[in-house]
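Here, residue 1 is the first one in the sequence, and each next residue gets the next number.
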Amino acid sequence: MSRNHSPSPPIFDGHNDTILSIIQTGRSFFDRANDGHIDLPRAREGGLGGGFFAVYIADPVVAKHMAPGSADLEAAMKIYHDESTWPEPMPLAYAQSNAVDILGRLLQIEAASNGQVKVVHTAAELQRCLDRGVFAMLLHFEGAEPLDAEGAALETFYAAGVRSVGLTHSRRNQFARGVPFKFPGSPDTGEGLTDAGKALVRQLNRRRVMIDLSHLNEQGFWDVARLSDAPLVATHSNAFALSRASRNLTDKQLDAIRESGGIAGLNFHVGFLREDGARSADTPIARMVDHIDYMVGRIGIDHVGLGSDFDGALMPAELRDAAGLPGLVGALHARGYTGEPLRQLLHGNWVRVLRDTWGA
Ligand SMILES: [Zn+2]
């Protein structure tokens, strides 16, 4: 895509729900599919070198709508749009058995890949994968529900390769409260971390596991900012100034991310990109670059990356899926991002923040 014929730097991405899509549809990560957004052939075609693979545990009331071909999943997800309809926090044993299964499926992909896919545990490993064209998988919990307050399960999941934990999805658990999906809506939706949540931040810091702030409400964000000794990271959130979705980051939050040496990853979901918040795929790729421009202008080129939400959100039709990423790279080129700044946006900043967080 690049007009000067030099290959684009590989892309490392802050968020996908691909394993959930694979479980729901029964498709294989190794075969090119028409549904969903990421598989290995489309990743290769689009220059996607790897990303955060979310382990997301569906609430029991939603899980029964997740059977292959189920049409009412979207309707079931509406319970997360209003705190008054949020489900009760799920039982620990339920979350843990689901997490073991989903993590196992991700590890099976690595095992079956003949060296084409690697689960990464250090920034050095990640950089080596990007340099050599090995697809890098970072294991991430989107919600800390599988973790107990005493920190025992964290050790087990760490040993299995988990290196990033979002405290909660857009719901509550024993640690924190998320933001309900609202547009327009403020991320400031009530109290922050519980005592168990504060203890979890300290456990994650000690273990040097990344803490993800996307989905967390604003008080929780500031609690983590005060307690954590790691860079502040929002893996898949946009600029609230351009799209007043509760899931996006206010200017003050963006500033705190910069001051901590952290990063915000651009979410490709049309509802978090658009000024009107509409779930319309008729949203130009240029709108994605508008958010990049805004965030780079506000907090600097060192603190912005990508966090697609592939397989978990509605993509702009122009982009479509991972194979469409060269369209985004072309739009970044056209807006003046080339050379080192482009490399930073596409993967360099993620590698740096992971190194600073993990220590290697
Ligand atoms: Zn998410």
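A donor atom on one side chain and an acceptor atom on the other are not found under 3.5 Å apart for Asn205 and Arg202. Side-chain polar atoms of Asp212 and Ser164 form no donor-acceptor pair below 3.5 angstrom.
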Result block: side-chain N/O donor-acceptor pairs under 3.5 angstrom for residues 305-315, not counting sequence neighbours:
{"from": "Ser308", "atom 1": "OG", "to": "Asp13", "atom 2": "OD1", "distance (Å)": "3.4"}
{"from": "Ser308", "atom 1": "OG", "to": "Asp13", "atom 2": "OD2", "distance (Å)": "2.8"}
{"from": "Ser308", "atom 1": "OG", "to": "His15", "atom 2": "O", "distance (Å)": "3.1"}
{"from": "Ser308", "atom 1": "OG", "to": "Phe310", "atom 2": "N", "distance (Å)": "3.0"}
{"from": "Asp309", "atom 1": "OD2", "to": "Asn267", "atom 2": "ND2", "distance (Å)": "3.1"}
{"from": "Asp311", "atom 1": "OD1", "to": "Arg27", "atom 2": "NH2", "distance (Å)": "3.2"}
{"from": "Asp311", "atom 1": "OD1", "to": "His37", "atom 2": "N", "distance (Å)": "2.6"}
{"from": "Asp311", "atom 1": "OD2", "to": "Thr18", "atom 2": "OG1", "distance (Å)": "2.7"}
{"from": "Asp311", "atom 1": "OD2", "to": "Arg27", "atom 2": "NH2", "distance (Å)": "3.3"}
{"from": "Asp311", "atom 1": "OD2", "to": "Ile38", "atom 2": "N", "distance (Å)": "3.1"}

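Note: Tyr56 and His169 meet the aromatic proximity criterion, with ring centroids under 6.0 Å apart. Between His291 and Tyr294, the ring centre distance reaches or exceeds 6.0 Å. Separation of the Phe29 and Phe135 ring centroids falls under the 6.0 Å cut-off. Aromatic pair His215/His236: ring centres closer than 6.0 Å.
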Show the numbers, then the answer: is there a side chain to side chain donor-acceptor pair (under 3.5 Å) between Ser84 and Asp82? CA-CA 5 Å; Ser84 68; Asp82 194 312; 3.0 Å; yes
How far apart are the C-alpha atoms of Arg172 and Glu83, what are their side-chain angles, what is the distance that settles it, and do they pass the salt bridge (Lys or Arg N to Asp or Glu O under 4.0 Å) test? CA-CA 9 Å; Arg172 70 173 169 270; Glu83 285 178 278; over 6 Å; no
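For the atom pair Leu227 CG and Leu193 CG, the distance stands at 7.0 Å (nearest 0.5 Å). Rounding to the nearest 0.5 Å places CZ of Phe52 at 7.5 Å from NE2 of His140.
A salt bridge does not link Lys252 with Glu218: every distance from a Lys NZ or Arg NE/NH1/NH2 to an Asp or Glu carboxylate oxygen is 4.0 Å or more. Ion pair Arg171/Glu145 flagged as a salt bridge, since at least one NZ, NE, NH1 or NH2 atom sits closer than 4.0 Å to an Asp/Glu carboxylate oxygen. Ion pairing between a basic and an acidic side chain is recognised when a charged N comes within 4.0 Å of a carboxylate O; Arg42 and Glu45 show no such pairing. A salt bridge does not link Arg128 to Asp131: none of the charged nitrogens lies less than 4.0 Å from a carboxylate oxygen. Between Glu155 and Arg207 there is a salt bridge, since a side-chain N of the basic residue sits under 4.0 Å from a carboxylate O of the acidic one. The pair Arg298-Asp293 does not meet the salt-bridge criterion, since no charged nitrogen lies less than 4.0 angstrom from a carboxylate oxygen.
Side-chain N or O atoms of Gln203 include one that pairs as donor or acceptor with a backbone N or O of Ala149 at under 3.5 Å. In this structure a side-chain-to-backbone donor-acceptor pair under 3.5 Å is present from Trp358 to Arg163. Checked by atom type and distance alone, the side chain of Ser170 pairs as donor or acceptor with a backbone atom of Val179 at under 3.5 Å. With hydrogens and angles ignored, the 3.5 Å screen pairs no side-chain donor or acceptor of Asn238 with any backbone N or O of Ala245. Judged by distance alone, the side chain of Thr85 and the main-chain N or O of Ile79 form a donor-acceptor pair under 3.5 Å.
One hydrophobic cluster holds both Leu200 and Leu232 under the rule that ILVMFWY side chains link at heavy-atom gaps under 4.5 Å. Residues Met137 and Leu354 do not share a hydrophobic cluster, clusters being chains of Ile/Leu/Val/Met/Phe/Trp/Tyr side chains in contact below 4.5 Å.
Arg244 forms no cation-pi arrangement with Phe183, by the criterion of a distance under 6.0 Å to the ring centre and an angle within 45° of the ring axis.
Closest heavy-atom contact between Ile299 and Leu254: CG2-O, 3.2 Å. Between Arg274 and Asp282, the shortest heavy-atom distance links the atoms NH1-O, 3.1 Å. The minimum heavy-atom distance linking Thr189 with Gly178 is given by the pair OG1-O, 3.9 Å. Minimum interatomic distance between Ala322 and Leu48 (heavy atoms only, all atoms of both residues): CB-CD2, 4.2 Å.
The environment of CD in Glu191 is sparse: at most 12 heavy-atom neighbours from other residues, nucleotides or ligands sit within 6.0 Å.
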